[in-house]
Amino acid sequence: MDLSQKQTDFREGMSRMGAAVNLITSDGEAGRHGLVASAVCSVTDAPPTLLICVNRNSFVHDKFLQNGVLCVNVLTAGHQELSGHFARYVEGVDRFSFGTWKTLETGSPVLVDANVSFDCRIGSVIEQGSHSVMFCEVKAVSLAEKIDRGLVYFSRDYHRLMAN
């Protein structure tokens with residue numbers, strides 16, 4: 001598919017907008033799945049809600065919707081390799097064998113050493129272009145006892161942030 005100049009410029013511009021690296025996980029009748037995403041943001045605290053954008057062509061898109069639940073695990077600088085495992089799908093590799101996991105209210109995998117994990121139930125979903133915009137109500141939050149350096153994606157590369 002050839003991209004228009006506007007699409008090319010848009011993609012380049014978005015690469016210059018740093019974003020937290022998040023590991024989105026889910027478990028339920030459609031199985032245990034995960035993907036790396038930066039398109040996550042807060043919507044409101046009443047009720048606590050996150051917005052998560054997932055490409056409809058992603059191999060996990062329909063699995064997330066079928067499960068109806070997910071967890072947003074905000075990765076630390078030490079999770080760059082783990083991020084790589086979830087960014088690439090390799091047939092027969094259990095990506096959940098990397099990292100230490102627990103569950104909270106929804107049963108979605110929660111990364112034990114994430115800076116924060118938001119355990120959510122998917123509410124409404126809006127389709128926009130190639131993506132689904134999922135509004136996810138937060139059911140439980142797991143905060144790290146000690147905040148580690150953050151992991152952000154900027155200019156098509158990982159960068160580490162220092163905590164105060």
Side-chain angles (χ1 to χ4, degrees), residues 14-15 17-43 48-123 125 130-163:
M14 291 306 298
S15 78
M17 184 185 292
V21 180
N22 304 285
L23 178 51
I24 315 298
T25 57
S26 182
D27 199 358
E29 66 181 60
R32 197 176 206 198
H33 300 280
L35 77 109
V36 176
S38 59
V40 175
C41 70
S42 167
V43 175
T49 304
L50 296 176
L51 175 152
I52 301 157
C53 299
V54 178
N55 190 311
R56 287 196 309 275
N57 290 324
S58 167
F59 66 95
V60 298
H61 175 272
D62 294 344
K63 308 294 187 190
F64 281 4
L65 294 179
Q66 189 176 352
N67 285 343
V69 296
L70 54 78
C71 184
V72 175
N73 298 281
V74 181
L75 300 184
T76 70
H79 292 129
Q80 185 172 334
E81 184 176 347
L82 177 66
S83 173
H85 289 299
F86 279 86
R88 297 178 298 283
Y89 177 73
V90 178
E91 186 72 35
V93 173
D94 176 12
R95 296 178 298 167
F96 288 95
S97 66
F98 304 96
T100 304
W101 304 93
K102 66 180 182 179
T103 59
L104 296 173
E105 187 173 322
T106 73
S108 294
V110 174
L111 184 61
V112 169
D113 57 348
N115 270 333
V116 62
S117 297
F118 299 97
D119 192 31
C120 304
R121 182 158 309 283
I122 299 171
V125 179
S130 59
H131 284 62
S132 289
V133 181
M134 302 176 186
F135 292 88
C136 303
E137 187 174 343
V138 177
K139 297 299 183 181
V141 177
S142 177
L143 296 167
E145 289 182 29
K146 181 180 176 218
I147 298 174
D148 198 351
R149 295 176 297 156
L151 185 63
V152 297
Y153 202 70
F154 173 74
S155 190
R156 296 183 176 93
D157 201 4
Y158 289 103
H159 299 273
R160 294 175 165 96
L161 298 178
M162 297 300 293

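From a predicted model like this one, the values you see are computed outputs, not experimental measurements. Quick note: residue numbers are just sequence positions, from 1.
Between V138 and V72, the closest side-chain pair of non-hydrogen atoms is not below 4.5 Å. A heavy-atom distance below 4.5 Å is not found between the side chains of E105 and V69. You'll find the side chain of L104 stays beyond 4.5 Å of the side chain of K139, heavy atoms only. Side-chain atoms of L35 and F64, non-hydrogen and from C-beta on, do get closer than 4.5 Å to each other. With contacts defined as side-chain heavy-atom distances shorter than 4.5 Å, the pair L70/C136 qualifies.
A donor-acceptor pair under 3.5 Å is absent between the side-chain atoms of N22 and the main chain of I24, judged by distance alone. Looking at N67, its side chain does come within 3.5 Å of a backbone N or O of G31 through a donor-acceptor pair. Of the possible polar contacts, none joining the T76 side chain to the R149 backbone as a donor-acceptor pair under 3.5 Å is found.
Residues V60 and H33 approach most closely at CG1-CB, 3.8 Å, considering heavy atoms. The two atoms that bring A114 and A144 nearest to each other are O-CB, 3.4 Å, heavy atoms only. Residues R32 and P109 approach most closely at NE-CG, 3.5 Å, considering heavy atoms. The two atoms that bring L65 and M134 nearest to each other are CD2-CE, 3.7 Å, heavy atoms only. When all heavy atoms are compared, the tightest approach of C71 to V110 is SG-CG2, 3.8 Å.
Here the options are S108, S117, S142, the test is side-chain hydrogen bond (donor to acceptor under 3.5 Å, both in side chains), and the partner is N73; only S117 passes. Applying side-chain contact (heavy atoms from CB on, under 4.5 Å) to H79 and the options D113, V36, V74 leaves one that passes, D113. For the pairing with F86, the ring-ring contact (aromatic ring centres under 6.0 Å, His included) check across F96, F59, F98 returns one residue only, F96.
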Handout entry: Criterion side chain to side chain contact (heavy atoms under 4.5 Å, CB included) on W101 and L111, from CA distance to verdict
Key = CA-CA 5 Å; W101 304 93; L111 184 61; 3.8 Å; yes

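For the atom pair N115 CG and L151 CG, the distance stands at 10.0 Å (nearest 0.5 Å). Atoms NE2 and CG, from H131 and N55 in turn, are 4.0 Å apart once rounded to the nearest 0.5 Å. If you take OG1 on T106 and CG on D119, they are separated by 3.0 Å, rounding to the nearest 0.5 Å. Between the CZ atom in F135 and the CG atom in L50 there is a gap of 11.0 Å [rounded to 0.5 Å].
For residues 56-70, the salt bridge (charged side-chain N to carboxylate O under 4.0 Å, His left out) pairs, not counting sequence neighbours, are R56-E127.
Side-chain contact, S83 with Y158: a donor N or O sits under 3.5 Å from an acceptor N or O.
Residues forming a salt bridge (charged side-chain N to carboxylate O under 4.0 Å, His left out) with R121 (at least two apart in sequence, or on another chain): none.
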